[in-house]
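Naming convention: chains lettered A, B, ... in sequence-line order (proteins, then strands); numbering from 1 in each chain.
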Amino acid sequence: MPEEVDDAAEAGLPLEAPAELSLDILRHSAAHLMAAAVCELYPGAEYDVGPAIEDGFFYNFRLPGDRHLTEADLAAIETRMRELAARRLPFRREVMARDDARKLFEGMGQSFKVAIIDRLASDVRSVGVYRTGDFIDLCRGPHVPDSSRLSAFRLLRVAGVYWRGDERNPQLQRIYGTAWFTQADLDAHLERLAEAERRDHRRLGRELELFHFDDTAPGMPYWLPNGVVVLNTLMGFAREVRGAHGYREVISPIINDKRLWEVSGHWDHYRENMFIIPVDDQTVYGVKPMNCPNAHVIYNLRRHSYRELPLRYLQLDTLHRYERSGTLHGLLRTRKFQQDDSHIFLAEEQIEDEYERILELIGLFYRTFELEYSFRLGTRPDGFLGDVETWDRAEAALLRILERHAGRDGFVVEAGEGAFYGPKIDILTRDAIGRSWQNGTVQLDFQLPRRFGCEYVDASGESRTPAVIHLAIYGSFERFLGVLIEHFAGHLPLWMAAVQVELIPVQDDVESVLAGIADLAGRLREAGLRVAVNDRPGERMQARIRDCELRRVPYVVVLGRRDVERGDDVVTVRDTRRGGTESRGVADLITRLTEEVASRRPR
RNA sequence: GCCCAAGUAGCUCAGAGGUAGAGCAACGCCUUGGUAAGGCGUAGGUCGUGGGUUCGAUUCCCACCUUGGGCUCCA
């Protein structure tokens with residue numbers, strides 16, 4: 001979602017309009033037009049900032065007299081916008097002396113604009129102002145020549161936003177809209193939004209009976225039988241590959257005495273995000289929000305030699321975090337989740353090599369799903385622990401590795417976004433409507449091993465403190481599955497599908513057909529495939545096929561009297577992902593499906 | 001947590017100050033059908049929860065819970 005707007009980009013000397021009109025210019029102008037409409041409909045409205053964003057634009061407002069907009073108001077605003085657009089109002093550019101502009105906006109009661117001017121650097125002597133009819137905005141432009149260029153737009157929603165993006169500030173209201181060059185482009189965009197809604201993992205989760213959220217457990221999914229199969233295949237994949245790469249699984253308690261969280265620092269830094277359980281007058285337990293402290297407990301069970309390092313633990317345990325209520329979002333933001341989490345204890349000189357191996361692994365897991373992903377390097381934040389030299393060394397190493405693996409365009413650096421104990425690399429994917437979600441994360445940590453007093457004996461017999469890498473590749477299984485469901489629009493890869501093949505008898509009262517179905521089911525199951533028979537009485541074959549399609553069963557085999565009588569062991573297979581049917585010998589079918597499962601082909 | 005909206009049958013939704021309706025799903029009967037919905041019928045709701053106003057509330061008001069869109073947050 002949009003970054004908060006930098007005031008400096010909004011104010012200053014006007015920019016020259018490029019020869020070509022861009023969508024950004026169009027959308028920025030649409031934002032002005034919307035603000036003009038709002039100011040006409042709600043005299044005394046104050047306007048804040050209104051930039052173009054990906055796919056559209058927004059503008060922030062404060063209406064007089066504590067009035068609040070609702071989505072029902074959008075239609076009237078849009079209508080007024082169309083009236084203004086039809087008047088061919090020119091977007092007139094002016095350069096004003098800074099003080100004159102300040103007086104102008106102060107006189108209009110536009111306190112946000114005055115605040116923006118006051119925050120400009122002291123050497124800014126003049127600013128750009130645009131007029132559209134009676135509407136005046138502090139703005140560098142550029143803009144469309146006149147309002148008649150604006151026709152293909154739609155206002156979408158209203159949201160509350162904190163002024164300047166700071167939750168200590170009062171809330172304004174933001175209207176989001178979208179604008180395009182042509183009506184056809186707008187229609188296509190609206191159709192994409194509709195398709196995204198059809199792909200929404202919350203809808204598919206209900207329709208495919210994968211998971212459920214109950215009012216008594218907000219943010220904590222129930223996994224239904226189909227969902228458990230999918231979840232388990234994903235976890236099984238993680239266990240198998242991680243095991244082959246030297247990770248050893250451990251399981252630790254879900255709740256620990258708060259003394260553990262005091263050692264780890266969570267009690268001081270993370271308590272407001274933890275579920276806390278008072279047990280008696282002296283004892284308080286905390287439900288674990290992360291696996292790392294218990295990994296350190298396990299590490300410390302005995303002395304370690306440098307020869308054992310890197311020591312890799314895999315931890316799939318259930319975690320709970322008390323996320324703020326407004327942030328929950330289906331599987332993509334939960335309060336209960338499990339991660340393919342791991343903690344790697346290693347010597348500092350091993351870090352770079354280990355990161356190489358980790359980035360290889362990440363590629364392996366994400367390529368399996370043909371999922372697009374990108375990296376984000378978070379560097380030293382304010383209030384970091386440790387010394388600058390160690391941080392610099394670690395960041396330089398991560399940067400080198402990322403450039404080698406992802407290329408210069410394959411990642412972004414976000415300064416100050418590292419964890420307080422070390423820099424981190426996050427793996428980002430997108431949901432159906434393009435929202436970016438953090439999945440995996442690789443965090444380098446020099447602090448926690450120190451807090452827990454972890455040691456190893458180096459080659460010269462000295463005790464040293466290991467570093468730790470926190471690594472989750474999927475991140476939370478819940479979130480990753482949510483992204484996968486949307487990515488595949490519910491058509492999960494065959495190896496993950498709850499039901500892989502469903503069998504439908506053409507005649508369900510013919511003994512030989514039913515025997516044929518039972519025999520086929522047996523042979524498919526013997527090959528290790530998950531098979532269901534759809535023989536609900538009273539349903540016609542076509543209805544059963546439709547039922548399979550809606551439940552996203554990858555392969556559907558229809559078997560009837562003609563097949564049985566032909567006796568050639570050939571069946572007709574419907575491929576619901578590619579569409580269409582084809583005839584195949586049963587032996588051939590089994591080979592193909594087991595091969596598709598074994599290779600974990602995504603489609 | 002904050003702003004806006006929503007919560008009516010398993011699902012999608014309509015409705016209205018006089019205690020509710022449709023389609024699909026479910027169930028029953030008929031239909032035995034060759035690749036995305038066969039027909040008829042039956043049953044199903046304390047209208048999110050708790051208060052208040054009213055002769056009467058599911059409808060109006062208040063609080064709370066949950067959900068959706070955003071904001072903030074995401075260690």
Centroid separation under 6.0 Å, is that true for the rings of [Y] and [X]?
{"X": "A:Phe480", "Y": "A:Tyr366", "result": "yes"}
{"X": "A:Tyr59", "Y": "A:Phe57", "result": "no"}
{"X": "A:Tyr421", "Y": "A:His470", "result": "yes"}

[M] and [N], which share atom name [atom1], separated by this distance in whole Å:
{"N": "B:A26", "M": "B:G10", "atom1": "P", "value": "14 Å"}
{"N": "B:C27", "M": "B:A43", "atom1": "C1'", "value": "7 Å"}
{"N": "B:U46", "M": "B:U59", "atom1": "C1'", "value": "15 Å"}
{"N": "B:A25", "M": "B:A37", "atom1": "P", "value": "12 Å"}
{"N": "B:A20", "M": "B:U8", "atom1": "C1'", "value": "8 Å"}
{"N": "B:U12", "M": "B:G68", "atom1": "C1'", "value": "16 Å"}
{"N": "B:U32", "M": "B:G23", "atom1": "P", "value": "26 Å"}
{"N": "B:U53", "M": "B:C11", "atom1": "C1'", "value": "35 Å"}

Check every strand shown and say whether [X] touches a base, only sugar-phosphate, or nothing at a heavy-atom separation below 4.0 Å.
{"X": "A:Gly538", "value": "base"}
{"X": "A:Glu549", "value": "base"}
{"X": "A:Gln171", "value": "base"}
{"X": "A:Gly330", "value": "sugar-phosphate"}
{"X": "A:Ile504", "value": "nothing"}
{"X": "A:Asp508", "value": "base"}
{"X": "A:His269", "value": "nothing"}

With both distances under 3.5 angstrom, what nucleotide forms a Watson-Crick or G-U wobble pair with [N]?
{"N": "B:U53", "value": "none"}
{"N": "B:C29", "value": "B:G39"}
{"N": "B:C64", "value": "B:G48"}
{"N": "B:C2", "value": "B:G70"}
{"N": "B:G10", "value": "B:C24"}

[X] (side chain) and [N] (base): donor-acceptor pair under 3.5 Å:
{"X": "A:Glu323", "N": "B:C74", "value": "no"}
{"X": "A:Tyr162", "N": "B:G70", "value": "no"}
{"X": "A:Arg324", "N": "B:G1", "value": "yes"}
{"X": "A:Asp215", "N": "B:G48", "value": "no"}

So, is the end of the A:Arg27 side chain (NZ or CZ) under 6.0 Å from the ring centre of A:Trp180 and within 45° of the ring's axis?
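Verdict for A:Trp180: a cation-pi partner in A:Arg27.
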
Using a 6.0 Å distance limit plus a 45 degree cone around the ring axis, check whether A:Arg168 lies over the aromatic ring of A:Tyr162.
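Negative - A:Arg168 is either too far from the ring of A:Tyr162 or too far off its axis.
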
For A:Thr576 and for A:Trp437, locate the closest nucleotide of RNA chain B by heavy-atom distance; then report the residue assigned to the nucleotide nearer the 5' terminus.
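Final value for this comparison: A:Thr576.
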
Relative to the 5' end of RNA chain B, which residue comes earlier, A:Arg546 or A:Asp426, by the nucleotide with the nearest heavy atom?
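Going by which nucleotide is closer to the 5' end, it is A:Arg546.
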
OP1 or OP2 of [N] versus the side-chain N and O atoms of [X]: is any pair under 4.0 Å?
{"X": "A:Thr581", "N": "B:U35", "answer": "no"}
{"X": "A:His329", "N": "B:U67", "answer": "no"}
{"X": "A:Arg536", "N": "B:C27", "answer": "no"}
{"X": "A:Arg540", "N": "B:U31", "answer": "no"}
{"X": "A:Tyr176", "N": "B:C71", "answer": "yes"}
{"X": "A:Arg202", "N": "B:G68", "answer": "yes"}
{"X": "A:Arg62", "N": "B:C3", "answer": "no"}
{"X": "A:Arg544", "N": "B:A37", "answer": "no"}

Could you pull out the closest heavy-atom pair between A:Gln173 and A:Arg67, with the gap in Å?
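Smallest interatomic distance, heavy atoms only, reads OE1-O, 4.3 Å.
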
Give me the one residue out of A:Arg333, A:Gln339, A:Met220, A:Lys336 that meets side-chain contact (heavy atoms from CB on, under 4.5 Å) with A:Glu478.
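Considering A:Arg333, A:Gln339, A:Met220, A:Lys336, a side-chain contact (heavy atoms from CB on, under 4.5 Å) with A:Glu478 is found only for A:Lys336.
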
